[in-house]
Q: 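Just dropping this structure here.
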Amino acid sequence: MSRLPRSFFARDAVTVARALIGARLFVRGPDGHPTGGIITECEAYRQDDTASHSHRGLTARNAAMFGPPGHAYVYFIYGMHFCLNVVTGAPGVGEAVLLRALRPTHGLAVMRARRGNRVADASLCDGPGKLCQALGIDRALNGIDLCARAAPLRVHAALDGLHHTATPRIGISGDAVARSALWRFVATDPAPRYDGAR
DNA sequence: ATGGGGATCGTCT
DNA sequence: GACGATCCCCATC
């Protein structure tokens, strides 16, 4: 039940991303329905990282990335999807961790209803856009403080013993350093289906 | 199992 | 005016 403190997020994005594997994300949706799951895949985006939205400096869209750690950065992409990040590091730096996949544990029926009843349970949250759709996350949550008392978004401490691997990040553009950096973290235990390509 | 294309629009050049 | 930290469907192998 231990909510992660702001100090957890006030470290570099790679360290936070690695530590978030196995952590539990809980969301109270706009309709009031609670959902949640175990974080099984995430990616770090850093200062001076040509793949990061923060790379070209502060804009209206990425402002939350330059705010205090422990806040959400939610952005709209491809005209139809949302992606959820947690801001890390220090205010003004511009680092975040993109949450890419969960193993659903709470509110499965609500997730199915939001995602379409055809989708398999294993596919409810196995992608950054799917995760937001299943959890009811949209731009209304951009900038909110995950450490605030009554936050609709909360992250709790990681379960022990969940192993992970590091790989290059998915779908990015940027220089050779950005493309080769092993800043995507994927849980490998005990669910092999989450460890591979998609 | 793998690959290509369409949907759809906010953001930045 | 181009393109994106994506997803889904359909075609083909």
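Chain identifiers are assigned alphabetically (A, B, ...) following the order of the sequence lines, protein sequences preceding nucleic acid strands; residue numbering begins at 1 within each chain.
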Q: Can A/Tyr45 and A/His55 be counted as having a side-chain donor-acceptor contact under 3.5 angstrom?
A: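 On atom types as modelled, these side chains do not qualify, holding no pair under 3.5 Å.
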
Q: Answer with base, sugar-phosphate or nothing: what part of the nucleic acid does A/Arg118 contact at a heavy-atom distance below 4.0 Å?
A: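 No contact at all - A/Arg118 keeps every heavy atom at 4.0 Å or more from the nucleic acid.
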
Q: Hey, which of A/Leu135, A/Asp138, A/Ile77, A/Leu131 is the one that makes side-chain contact (heavy atoms from CB on, under 4.5 Å) with A/Phe82?
A: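 The residue from A/Leu135, A/Asp138, A/Ile77, A/Leu131 that satisfies side-chain contact (heavy atoms from CB on, under 4.5 Å) with A/Phe82 turns out to be A/Asp138.
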
Q: In whole angstrom, give the distance that lies between atom CD1 of A/Ile77 and atom P of B/dA7.
A: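 It works out to 18 Å between those atoms.
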
Q: Mind calculating the distance between CD1 (A/Ile170) and P (C/dT6) to the nearest angstrom?
A: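 It works out to 8 Å between those atoms.
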
Q: Of the options C/dG4, B/dC12, C/dC7, whose atoms approach the side-chain atoms of A/His81 most closely?
A: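 The answer is C/dC7.
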
Q: Regarding A/Tyr78, tell me which of base, sugar-phosphate or nothing describes its non-hydrogen contacts under 4.0 Å with the strands shown.
A: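 Since a base atom lies under 4.0 Å of A/Tyr78, the category is base.
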
Q: Is the base of C/dA5 stacked against the aromatic ring of A/Tyr75, taking ring centres under 5.5 Å apart and planes under 30° as the test?
A: no

Q: Provide, to the nearest angstrom, the distance between the CG atom belonging to A/Leu124 and the C1' atom belonging to C/dC8.
A: 15 Å

Q: Looking at residues 133-147 of chain A, who's got a heavy atom less than 4.0 Å off DNA chain B?
A: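 Nothing qualifies; none.
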
Q: Nearest nucleotide by nearest heavy atom, which residue falls closer to the 5' end of DNA chain B, A/Met80 or A/Phe76?
A: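 Nearest-nucleotide comparison on DNA chain B picks A/Met80.
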
Q: Pick the nucleotide of DNA chain C nearest each of A/Val119 and A/Ser173; which residue has the one closer to the 5' end?
A: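 Here A/Ser173 is the residue nearer the 5' end.
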
Q: Of the candidate nucleotides C/dT6, B/dG10, B/dC12, which contains the atom at the shortest distance from the side chain of A/Arg100?
A: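 From the listed options, C/dT6 comes nearest.
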
Q: Stem list for DNA chain B, please, built from Watson-Crick and G-U wobble pairs under 3.5 Å and keeping only runs of at least 3.
A: B:1-7 with C:6-12, B:9-12 with C:1-4

Q: Over all strands shown, is A/Arg169 touching base, sugar-phosphate only, or nothing at heavy-atom distances under 4.0 angstrom?
A: nothing

Q: Any Lys/Arg nitrogen of A/Arg103 or A/Asp126 sitting under 4.0 Å from an Asp/Glu carboxylate oxygen of the other?
A: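 Salt bridge: no.
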
